[in-house]
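This report refers to the structure that appears directly beneath it.
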Amino acid sequence: MSDEEFPLLSELKKGPWPSFVKEIEKTAEHKPEIKDLLKQLERSYEDKITYWKHGGIVSVRGYGGGVIGRYSFLAKECPGIAEFHTMRVNQPAGYFYTTEALRKICDIWEEYGSGLTNMHGSTGDIILLGTITKNLQPCFNALAKAGFDLGGSGSALRTPNACVGPARCEFACYDTLELCYDLTMTYQDELHRPMWPYKFKFKMSGCPNDCVAARARSDFGIIGTWKDEIKIDQEQVKKYAEEGVDIQKQVVEHCPTKCIEYDPEKKEIKIDNENCVRCMHCINVLPKALRPGDEKGACILLGGKAPILEGPVMGWVIVPFIPADELADFVKDLAEKVWDWWDENGKYRERVAELVERLGMMNFLEAVELEPDPRMVKHPRENPFFFWREEDLKPRTDPWKIWREAEKGL
Amino acid sequence: MASEPVEEEYISDIGPPYFRDMLPPVIKNNYGKWKYHEVLKPGVLVHVAESGDKVYTVRAANPRLLSIYTIRELCDLADKYCDGYIRFTTRNNIEFLLTDESKIDDLIKEVEELGFPIGGTWDATKAKYSLSNIVHTQGWIHCHTPAIDASGVVKSIMDALFDHFRNMDLPGLCRISLACCLNMCGAVHASDISLVGVHRTPPVVDDDAVRRTCEIPSTVSGCPTGALRPDMKNKTIKVDESKCMYCGNCYTMCPGMPCFDPENGGVAILVGGKLSDARAPSRLSKVVVPWLPNNPPRWPEVVDTIKTILETWAADAKPHERIAEWIDRIGWEKFFEKTGIEFKVQLIDDFRLPRHTFRTTTQFKW
Amino acid sequence: MSEYSEEDKQKVLEKLAQKPWQTRDLAKVLKMKKRDVDKIVKELINEGKADYWSSGSTTYVTTPEKVQEMEAKREDLK
């Protein structure tokens with residue numbers, strides 16, 4: 001491809017970071033129609049506007065999602081990308097691949113699509129970027145034969161995603177990958193056949209470091225934590241100290257609750273676990289010496305979402321702790337209750353966080369049968385505008401009756 | 001419309017492949033039994049299992065948009081060095097997992113020759129952190145609602161900050177994310193630095209397009225500020241421009257009312273978000289720049305601002321301190337003073353219930 | 001076991017032929033349980049009598065004919 005043809009894009013071939021423009025060019029060498037993508041993109045760079053048309057419906061048999069329809073405004077000038085639909089392919093949990101499986105996807109996408117991908121999309125799916133309507137079903141069939149299925153889109157369960165978890169992380173407090181797979185398989189219908197007010201996301205992080213952004217990016221975030229004492233290997237503490245790690249400065253001074261002490265004489269750490277909030281800092285810094293305790297499990301946060309419509313939301317605690325071995329059953333039971341309530345009460349395009357804000361946590365907790373816990377709030381409310389229910393109250397008295405009777409001298 | 005029916009055995013709802021079938025043997029054998037990890041050098045980790053087994057991870061950059069012809073080349077390297085396994089990270093890095101330490105340098109050489117630099121790791125023990133990949137959205141490559149491009153802005157920023165990806169030379173973790181509109185399919189609202197494409201002009205209604213393609217009542221009720229009302233007589237929608245804050249939600253629902261404006265759309269920058277609970281609690285990012293021009297192909301104003309924020313923080317932060325924690329310590333007034341970013345009136349919240357963001361003390365820094 | 005009649009199914013189909021619906025609204029209009037409407041819609045989709053229609057972020061259901069008609073309207077959106 002000559003740089004004179006695409007002067008703006010060719011600027012982005014320079015520099016040390018890998019260039020997406022080179023990736024498109026490389027694809028166009030094999031698939032000439034992809035040159036039209038460069039053509040349209042160059043035009044966007046000139047005019048500072050997108051040339052993709054709004055939405056458009058495309059689907060595969062029986063599914064209501066997994067394909068994002070895309071048509072070009074420049075169909076005449078760029079016929080090679082007049083139809084350029086995306087297929088979202090459900091990734092294996094943890095993003096591990098055999099090269100055999102990955103090559104199969106490449107072969108299928110060479111045959112039925114543009115040859116361009118995103119590894120991976122924001123929700124977690126493998127994104128196959130750009131194909132034509134008539135190829136969708138054959139591509140889906142080929143993917144299915146290769147053991148792959150589509151992910152979610154639209155008003156459905158979106159593809160669940162997890163951090164690397166116990167596969168390669170010593171911090172994992174529960175099996176994020178197994179839970180991710182379990183939820184994905186249990187809720188195939190919810191994933192493929194959208195019926196809800198809007199999208200719903202599950203994300204699973206194995207520890208409070210939250211590498212998959214569960215608390216911000218999912219309606220139902222599951223974050224690993226533990227209840228008992230941090231495990232200390234004093235031998236390793238000594239080794240770190242001998243290797244020159246300034247434990248006082250790097251660890252003790254950063255502890256948010258000042259619950260950790262270091263004895264420089266003995267080169268030993270002491271933790272007041274009663275006051276520990278399990279933030280992970282000391283464990284992150286001294287991974288050989290400190291580990292999460294044995295009583296592992298997870299915390300569940302509800303409502304994380306991006307700004308559309310009512311502003312960004314950080315997921316908030318609705319279940320402070322569930323032991324790891326009860327987690328899968330508990331999550332399914334709770335998620336189904338949440339869906340029932342949201343599906344029943346939610347308005348069009350209303351995420352579950354927005355519904356809770358509209359109807360109140362009291363209604364929510366009652367509907368999903370959760371008990372209130374101080375760990376659900378930063379602090380109790382600052383106003384006294386509560387709702388009381390009939391059963392909270394003593395039998396009601398009419399003040400007018402009292403006054404009238406008093407007036408009558410009764 | 002649904003594509004042509006194909007006369008084949010119909011398979012559906014099989015879900016993704018079982019992840020365990022994708023795991024390298026060393027991962028499978030030591031699943032859930034990892035003891036600790038160390039950072040050998042930038043971009044290279046070793047995880048040690050209770051069994052004594054070790055797995056070496058080589059982490060490489062990734063533009064996210066990958067050609068299948070490149071993926072095959074990456075697979076060739078994974079076949080040669082990693083027994084046919086490869087993985088990706090939640091921040092779109094590529095990871096090669098090895099069991100033979102002696103092969104690391106040869107692998108790195110070949111991966112870099114392919115154009116994928118190694119880096120993006122951090123060593124908390126030594127308080128040395130590198131910048132990881134920028135999580136981002138589609139932009140002009142594939143999206144119908146973007147205010148800005150995505151891949152081009154990311155490429156420009158990562159080129160400028162490249163040394164911080166290669167070297168672990170930052171005092172703390174810094175996560176940068178970009179979303180090309182407020183829909184935020186990238187959900188970047190809790191990043192150390194986030195970039196968001198913003199529109200600044202109300203939708204332009206094409207009555208005919210609205211009539212043909214829109215469901216008027218749901219579009220009207222979908223407006224978060226009540227700026228839309230139905231014009232039943234003409235079967236279209238009227239916009240009260242004084243109430244519109246350009247979120248673009250109506251366009252998502254109704255193709256007849258785009259709010260694109262090449263010269264007015266642009267980039268907002270937010271800082272101080274945090275997902276991890278390490279030290280200070282997690283929190284959302286706060287807007288520090290309401291608008292910068294959408295200036296392809298290299299977005300110089302955006303790149304300069306990001307570089308200034310990152311480098312001011314890096315020079316001033318204590319070990320482990322992320323941008324949020326740094327600002328907690330120095331105060332917002334000092335953030336604006338040190339970075340030289342102008343505190344504009346748009347940074348004072350006037351959307352929903354902003355009062356909890358207003359300062360109510362006399363505790364200032366001068 | 002089906003909790004709805006053939007008549008209900010017909011009523012749903014008639015409504016779907018009018019415009020794209022979210023099943024919650026359809027349930028309200030037909031004074032039926034949303035869950036039943038969801039089941040009926042899935043059946044109709046499997047029978048090829050109904051189809052999804054999506055803007056990408058939100059999803060509706062209608063008849064395949066209506067989908068074609070709407071797509072045709074969008075085609076010349078330029």
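Throughout, a chain's letter reflects where its sequence line sits, starting with A, and its residues are numbered from 1. Computed over heavy atoms, backbone and side chain alike; hydrogens, waters and symmetry mates excluded.
For A:Arg43, no part sits under 4.5 Å from any heavy atom of chain B, backbone or side chain. In this structure, chain B has a heavy atom under 4.5 Å from the side chain of A:Met185, while its backbone stays farther away. There is no contact between A:Asp246 and chain B, counting heavy-atom distances below 4.5 Å. For a residue to count as touching a neighbouring chain, one of its non-hydrogen atoms must lie under 4.5 Å from one of that chain's; by this rule A:Val313 touches chain B with the backbone only. Neither the backbone nor the side chain of A:Gln236 comes within less than 4.5 Å of any heavy atom of chain B.
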What's the verdict on side chain to side chain contact (heavy atoms under 4.5 Å, CB included) for B:Asp277 and A:Arg215, showing C-alpha distance, side-chain angles and the deciding distance? CA-CA 10 Å; B:Asp277 270 323; A:Arg215 76 188 77 204; 2.6 Å; yes

Set out, in order, the CA-CA distance, both residues' side-chain angles and the distance that settles side chain to side chain contact (heavy atoms under 4.5 Å, CB included) for A:Gln91 and B:Phe19, then state yes or no. CA-CA 9 Å; A:Gln91 80 289 358; B:Phe19 65 93; over 6 Å; no

Intermediate values then yes/no, side chain to side chain donor-acceptor pair (under 3.5 Å), B:Asn249 and A:Arg349: CA-CA 10 Å; B:Asn249 188 54; A:Arg349 277 171 81 79; 2.5 Å; yes

Before you tell me yes or no, could you show the steps for A:Leu129 and B:Ile141 under side chain to side chain contact (heavy atoms under 4.5 Å, CB included), namely the whole-Å CA-CA distance, both residues' side-chain angles and the distance that decides it to 0.1 Å? CA-CA 9 Å; A:Leu129 208 58; B:Ile141 299 263; 3.8 Å; yes

Please evaluate residues A:Glu29 and B:Tyr69 with respect to the criterion side chain to side chain contact (heavy atoms under 4.5 Å, CB included), reporting the C-alpha separation (whole Å), side-chain torsions for both, the decisive distance (0.1 Å), and the verdict. CA-CA 10 Å; A:Glu29 284 164 21; B:Tyr69 304 100; over 6 Å; no

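Taking the six-membered ring wherever Trp is involved, the centroid distance between the rings of A:Trp17 and B:Phe165 falls below 6.0 Å.
Salt-bridge formation is not detected for the pair B:Arg64/A:Glu23: no Lys NZ or Arg NE/NH1/NH2 atom is positioned less than 4.0 Å from an Asp or Glu carboxylate oxygen. Ion pairing of A:Lys288 with B:Glu38 is present here, as a side-chain N (NZ or NE/NH1/NH2) and a carboxylate O approach within less than 4.0 Å. Salt-bridge formation is detected for the pair B:Glu50/A:Arg291: a Lys NZ or Arg NE/NH1/NH2 atom is positioned less than 4.0 Å from an Asp or Glu carboxylate oxygen. Residues A:Asp210 and B:Lys274 are not paired through a salt bridge, judged by the lack of any N-O separation under 4.0 Å between the basic side chain and the carboxylate. Between A:Arg61 and B:Asp13 there is no salt bridge, since no side-chain N of the basic residue sits under 4.0 Å from a carboxylate O of the acidic one. B:Arg20 and A:Glu178 are joined by a salt bridge, as a carboxylate oxygen and a charged side-chain nitrogen come within less than 4.0 angstrom of each other. A salt bridge does not link A:Glu11 with B:Lys155: every distance from a Lys NZ or Arg NE/NH1/NH2 to an Asp or Glu carboxylate oxygen is 4.0 Å or more.
The aromatic rings of A:Tyr181 and B:Tyr18 sit tilted relative to each other, their planes meeting at an angle between 30° and 60°. Ring planes of A:Trp52 and B:His142: tilted class, angle from 30 to 60°.
Geometric assessment of B:Arg87 against the ring of A:Phe96 yields a positive cation-pi assignment under the 6.0 Å and 45° thresholds.
Expressed to the nearest 0.5 Å, how far CZ of A:Arg103 lies from SG of B:Cys75 amounts to 4.5 Å. Atom CD of B:Gln138 is separated from atom OG of A:Ser122 by 7.5 Å, given to the nearest 0.5 angstrom. Note that CG of B:Asp79 is 9.5 Å distant from OG1 of A:Thr98, once rounded to the nearest 0.5 Å.
Of the residues listed (B:Ser156, B:Pro296, B:Pro63), the one engaging A:Leu12 in a side-chain contact (heavy atoms from CB on, under 4.5 Å) is B:Ser156, and it is the only one.
Looking at B:Phe260 and A:Lys48, their side chains never come closer than 4.5 Å, going by heavy atoms from C-beta outward. For the pair A:Leu177 and B:Tyr31, the minimum side-chain heavy-atom distance is below 4.5 Å. Considering only heavy atoms from C-beta on, A:Glu110 comes within 4.5 Å of B:Arg72 through its side chain. Taking 4.5 Å as the limit, some side-chain heavy atom of B:Asp159 sits within range of a side-chain heavy atom of A:Pro16. The shortest distance between side-chain heavy atoms of B:Thr89 and A:Tyr95 does not fall below 4.5 Å.
Here the closest heavy-atom approach between residue B:Cys143 and residue A:Thr50 is recorded as O-OG1, 2.7 Å.
Here B:Pro16 is the residue among B:Pro16, B:Ala124, B:Pro262 with the most heavy-atom pairs under 4.5 Å with chain A.
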